[in-house]
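First up is the structure itself, then whatever we jot down about it.
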Amino acid sequence: MKHTVYLLKIGRKSTCRKPNRKIGVAIGEYILSLGEIAHLFDGPHLKGKSHVFQKPTLNSFMALGTAEWKEARERLQNLLSEDEPILRDDAELRQRAFILQSDATMHLPAQIGDYTDFYSSIHHATNVGMMFRDKNNALMPNWKYLPVGYHGRASSVVISGTPIHRPYGQTLLFDGTPPVFGTCKLMDFELEMAFFVGGSNKLGEPIKAQNAQKHIFGFVIMNDWSARDIQKWEYVPLGPFTAKNLGTTISPWIVTTLALEPFICQNYPQDPEPFPYLTHSDNFNFDINLQVDITPKNSMATTTVCRSNFKYLYWTVKQQLAQHTITGCNVNPGDLMGSGTISGDMSDSFGSLLELSWKGTKPITLQDGTQRKFLQDGDTVTMRAVCEGDGYNIGFGSCVGQLLPAKALTF
């Protein structure tokens, strides 16, 4: 039987007993508080820097480099091994350092200064293009030449478990008529993953694709909630705006890039060949199984509506970061970069209801017998991700959000 490996799965938590927010690592049913063992990170790269583990967010640790990240991971593996007595034989330290996950409240792992969302799944982009244009012009002319993206709203990125309210906005009911104002009628999820930036670059100095892994700290699951009818009316000519800024949910645990190295797989074939600044010779795609479940309000019946995989991304995260900074744009520790909706080539691997119901023309039947074209109030969306190794798994936890009715407005 496979067991689940949580190392290094790092996040930020608090408890009723200790309300101050602390950095921790998930170990089975427990969380190891790194602040309590900060003095044990005394290797050549972390000596004199262990204070980063006593900070309330991961930003300071993210600001360090790959050498420090690697040393921290190896030190944790050593401390948690059966043969290492430091934690094993110190009951008082274990009592202070370990808490049950069930006793913890999880928070955003970092202070997110900036958030960017890409559009890097060729199957998703093709599906959307076919719906709103035609099969022969599904992809826009630029799509295969650069990783398309937009700057999102960092202030509305929330932790898993935070409810999202149905938004208000302008929508166009019929072509050729004036828009109307009201609640979104076509609320959707988008199955994504996102990476946190580590380190930084100076303004005016692009990050090279070949070396971009030095700035990719780790990954989370992400739900890019989308108000489709609001988006359709407002996105021309500058792209997503209020249809996306209503809320973006991420899972609380970051799985570090170092932990994902055994699951690196071949990059998606790219044609035409990318420009040199977007080229890297190594594989930097990941075999991560993804799943989306919908649970209706007051129901015990959960339906899996999508099974996809991170490896379906056309543009790698190294290429995304290279594109983001080619102008000299500077990024900072804790910046969040979304992958864009991750869809496969089969209908049950589409990463949004827009695709799964094919713009509402093919309703999905849930286990409780109800149907969905788009989300209904009270629906809970749960996203999961897992890497399946030989005899073990690396789990990302879950990314959960419930859609609540729109709040009452007064003018």
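- Considering OG1 of T242 and CD of Q170, their distance stands at 8.5 Å, rounded to 0.5 Å.
- Side-chain N or O atoms of H165 include one that pairs as donor or acceptor with a backbone N or O of P405 at under 3.5 Å.
- For the pair C265 and N283, the tightest heavy-atom approach, listed with the atom from each and the gap, is O-CB, 3.4 Å.
- Looking at D293 and Q291, their side chains do bring a donor and an acceptor atom within 3.5 Å of each other.
- At least one donor-acceptor pair under 3.5 Å links the side chain of D379 to the backbone N or O of Q376.
- Atom CZ of R153 has 12 or fewer neighbouring heavy atoms from other residues, nucleotides or ligands inside a 6.0 Å radius.
- In this structure the side chain of T105 reaches within 4.5 angstrom of the side chain of H107, judged on heavy atoms.
- Ion pairing of R96 with E92 is present here, as a side-chain N (NZ or NE/NH1/NH2) and a carboxylate O approach within less than 4.0 Å.
- Proximity of the aromatic rings of H123 and F350 is defined here by a centroid distance below 6.0 angstrom, and this criterion is not met.
- With R94 contributing its side chain and R88 its backbone, the two residues share a donor-acceptor pair below 3.5 Å.
- In this structure, OG1 in T341 is found 8.0 Å from OH in Y119, a value given to the nearest 0.5 Å.
- Put simply, the side chain of L186 does not reach to within 4.5 Å of the side chain of L353, judged on heavy atoms.
- Inter-residue side-chain proximity for F196 and L58 is flagged as unmet; no heavy-atom pair is nearer than 4.5 Å.
- Looking only at distances, no side-chain donor or acceptor of N393 sits under 3.5 Å from a matching main-chain atom of G395.
- Salt bridge D224/K244: present, at least one basic N to carboxylate O contact under 4.0 Å.
- The main-chain N or O of Q95 is never found under 3.5 Å from a side-chain atom of D90 such that the two would form a donor-acceptor pair.
- A 6.0 Å sphere centred on CZ of F241 holds no more than 12 heavy atoms belonging to other residues, nucleotides or ligands.
- Of all the heavy atoms in T279 and P274, the pair that sits closest is OG1-O, 3.5 Å.
- Under the 3.5 Å distance criterion, the side-chain polar atoms of S308 are matched with a main-chain donor or acceptor of I342.
- Using a 4.5 Å heavy-atom threshold, the side chains of F61 and L34 count as separate.
- Taking 4.5 Å as the limit, every side-chain heavy atom of M140 sits out of range of all side-chain heavy atoms of V148.
- Under the 3.5 Å distance criterion, with hydrogens and angles disregarded, a donor-acceptor pair is assigned to the side chains of T370 and D368.
- Remark: C306 SG to M383 CE distance equals 8.0 Å, nearest 0.5 Å.
- A salt bridge is defined here as a Lys NZ or Arg NE, NH1 or NH2 lying under 4.0 Å from an Asp or Glu carboxylate O, and E190 with R228 meets this definition.
- Ring pair F263/F310: centre-to-centre distance not below 6.0 Å.
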Applying side chain to side chain contact (heavy atoms under 4.5 Å, CB included) to V305 and L366, what does each step give before you reach the verdict?
CA-CA 8 Å; V305 297; L366 304 184; 4.1 Å; yes
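- Taking the six-membered ring where the residue is Trp, the centroids of F217 and F219 are separated by 6.0 Å or more.
- A donor-acceptor pair shorter than 3.5 Å can be found between the side chains of S352 and E355.
- When all heavy atoms of L278 and L146 are compared, the pair lying nearest together is CD1-CA, 4.3 Å.
- A ring-ring contact (aromatic ring centres under 6.0 Å, His included) with Y314 is found for exactly one of W143, F118, Y145, namely W143.
- For OH of Y30, the number of neighbouring non-hydrogen atoms (other residues, nucleotides, ligands) closer than 6.0 Å is 12 at most.
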Test side chain to side chain contact (heavy atoms under 4.5 Å, CB included) on S155 and Y115 and set out the steps.
CA-CA 9 Å; S155 64; Y115 158 55; over 6 Å; no
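- Minimum heavy-atom separation, P296 to R372: CB-NH2, 3.6 Å.
- Residues C184 and D229 come closest through the heavy atom pair SG-OD1, 3.2 Å.
- In this structure, K22 NZ and L32 CG are separated by 13.5 Å, a value rounded to the nearest 0.5 Å.
- For NZ of K55, the number of neighbouring non-hydrogen atoms (other residues, nucleotides, ligands) closer than 6.0 Å is 12 at most.
- Taking CG from L356 and CD1 from I364, the interatomic distance works out to 4.5 Å, rounded to the nearest 0.5 Å.
- Between the E68 side chain and the L46 main chain, no donor and acceptor come within less than 3.5 Å of each other.
- Looking only at atom types and distance, the side chain of Q231 has no donor-acceptor partner in the side chain of S226 under 3.5 Å away.
- Side chains of N309 and N289: a donor on one and an acceptor on the other come within 3.5 Å.
- Using cut-offs of 30° and 60° on the angle between ring planes, the pair F286 and F284 is perpendicular.
- Under the 4.5 Å side-chain criterion, counting only non-hydrogen atoms from C-beta, L321 is in contact with M337.
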Apply side chain to side chain contact (heavy atoms under 4.5 Å, CB included) to W253 and M106, showing your working.
CA-CA 9 Å; W253 295 106; M106 300 304 297; 3.5 Å; yes
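- R307 CZ to M346 CE: the interatomic distance, rounded to the nearest 0.5 Å, is 14.0 Å.
- Seen from the ring of F132, K359 counts as a face-on cation partner, given the 6.0 Å and 45° thresholds.
- Residues K311 and D287 are in side-chain contact: their nearest non-hydrogen atoms beyond the backbone lie under 4.5 Å apart.
- Of all the heavy atoms in P147 and S120, the pair that sits closest is CB-OG, 4.5 Å.
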Given side chain to side chain contact (heavy atoms under 4.5 Å, CB included), test W69 with T256 step by step and report yes or no.
CA-CA 9 Å; W69 303 340; T256 64; over 6 Å; no
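- Open room surrounds CD on Q111; 12 or fewer heavy atoms of other groups in view lie less than 6.0 Å from it.
- Side-chain contact, E29 with S102: no donor N or O sits under 3.5 Å from an acceptor N or O.
- Taking the charged nitrogens against the carboxylate oxygens, E71 and R75 have no contact shorter than 4.0 Å, which rules out a salt bridge.
- Using a distance-only test at 3.5 Å, with no hydrogens or angles considered, a donor-acceptor pair links the side chain of S160 to the main chain of V400.
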